[in-house]
Amino acid sequence: MPTYYFETFGCQMNVADSELLASALSSRGYDEALSSNDADLVVVNTCSVRQHAEDRALSHITQIAAHKRQGKTNQTIWVIGCMAERKGETIAAQIPGVNRVIGARNFETFLMELDAYLEPAETTLLSTNQNQGIGKFVPIMRGCNNFCAYCIVPHVRGPEISLPTAAIEESIWSFIESGAKEITLLGQNVNSYRDGDIDFSGLLARLHDIPGLSRIRFTTSHPKDCSEKLVKTIAGLPKVCKHFHLPVQSGSDKILRVMNRKYTRDDYMRVIDAVLRHIPDADITTDAMVGFPGETEADFLDTLSLFNRVRFTTAFMFIYSKRDNTAAAAMDDSVSIEEKKQRLKTLIDTQTAITKQRYQACVGTSLSVLFTARQEEGDKMWMGQDNGCKRVLVSCNEPLAGMILPIRALRSSGMTIVGERE
Ligand code: SAH
Ligand code: SF4
Ligand code: F3S
């Protein structure tokens, strides 16, 4: 059998795309290889969100191509995703050995290309169980219309499109058939989902009725569209996990305005208050960046004070990275790199202490945990997640995959809770 290997960078959207394409390959008679070295077809799914993400993907592709040139010359290398969209054929020109570059906007093309590529090979349609897994990502929208000043995503993924509710339901049914218990609905801004009369609240209510589905997660929520109605809907739907990922980006009104985020610090705090009023034990997480063009020390201190006030469960924190052709690329990037690094360190140190305290505060309480897999194969530690976003480990000889169990939290180590069955 011919074999494939996927190397995926970037966000969960890319992970979902890779999984979908991998199952398309399986249904066409392909087997998954153990490493890129052994595969007939290597697909690298790339990210462009920060320079660092592009550098990592490029160095990886360079390595794979060098290995191919040294020996296995008949290997096929495809580069897909967001950097493929941004850089296009220059990737193939720069790295000899890359056969095809297919950008994120041409996702549909990929399957056609696949069939054309496979023609001489085996094209038997096999039914496979490729989609096994307790948790599955389900894109409910593609693209983004928000054009935050720093962000490449609308440029590489195109305008926002909501997928039809019926198609979303169909993919969830098929995941459940192959053993999934939890789905994570994906979009750059899930709160703006709309298919006819069905908005995001409506979608959650519909999906809640699917038999066999235990849990529903969703990400990302744009603070400007996270309404109290949505929060109330979520509070009333037991299968929907109580985790809100609400990227704030900055705590300074001046910076939020230049970023084109369309909310103020006060608006953001009102969203947080609404979440906590209806769901007091919700996990709230965020993304933020330091060193956006024009960010003064006072602006940074606003971000820091917002972090101290909200006390997020966890946060992703970045140094602003200039992306060509975005609005911010034309702004005066005056903050020195030393300053940016110092601000990032201060923010990370602050958040790390808060995260530790939040995890510690769970010790002694009972958590409802969905178990997904063993920590390592053959290991008796099982990994799961509580009803918010916390990772939980439990030692157990029996298989726990797919079960939701009440767990007593015994201790916390960093960003993991260790517990036992109640
Ligand atoms: N759609 C999501 C985020 C997508 S990108 C939202 O609207 O929040 C994920 C995170 O990467 C962003 O939240 C932001 O914090 C960060 N990010 C995006 N562009 C960036 C850039 N140019 N430099 C640094 N961080 C960036
Ligand atoms: Fe980027 Fe803003 Fe769209 Fe998120 S909402 S993907 S940060 S443009
Ligand atoms: Fe995701 Fe990176 Fe593209 S964050 S949408 S893979 S630019």
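Nothing fancy with the numbering, it's 1 onward along the sequence. Whatever order the structure lists them in is the order used to number ligands and atoms, beginning at 1.
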For [atom], what is the closest protein heavy atom, and at what distance to 0.1 Å?
atom: atom 8 (O) of ligand 1; value: Pro247 CG, 3.0 Å
atom: atom 23 (N) of ligand 1; value: Ser321 N, 2.9 Å
atom: atom 11 (O) of ligand 1; value: Arg50 NH1, 3.0 Å

**Study point:** Heteroatoms of the protein, restricted to N/O/S, which lie under 2.8 Å from atom 1 (Fe) of ligand 2
**Key:** Cys151 SG
Review point. Can you find an N/O atom of Tyr320 closer than 3.5 Å to an N/O atom of ligand 1?
Key: no
**Study point:** Thr220 N/O under 3.5 Å from ligand 1 N/O
**Key:**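 It does not: no N or O of Thr220 is found under 3.5 Å from an N or O of ligand 1.
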Just jot down the ligand 3 atoms closer than 4.0 angstrom to any heavy atom of [X], in number order.
X: Cys47; value: 2 (Fe), 4 (S), 6 (S), 7 (S)
X: Asn14; value: 6 (S)
X: Cys82; value: 3 (Fe), 5 (S), 6 (S), 7 (S)
X: Cys11; value: 1 (Fe), 4 (S), 5 (S), 6 (S)

**Study point:** Member of Asp40, Asp38, Asp31 meeting the side chain to side chain donor-acceptor pair (under 3.5 Å) criterion with Thr3
**Key:**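 Answer to the side chain to side chain donor-acceptor pair (under 3.5 Å) test with Thr3 among Asp40, Asp38, Asp31: Asp40.
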Practice item. Could you list the atoms of ligand 2 found under 4.0 angstrom from a heavy atom of His222? Key: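 What qualifies from ligand 2 is 5 (S).
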Revision key, fill the gap. Between Asp283 and the options Lys242, Lys390, Arg391, the salt bridge (charged side-chain N to carboxylate O under 4.0 Å, His left out) test singles out Lys390
Exercise for review: Answer with yes or no whether Arg261 contacts ligand 2, where contact means a heavy atom under 4.0 Å from a ligand atom.
Suggested key: yes
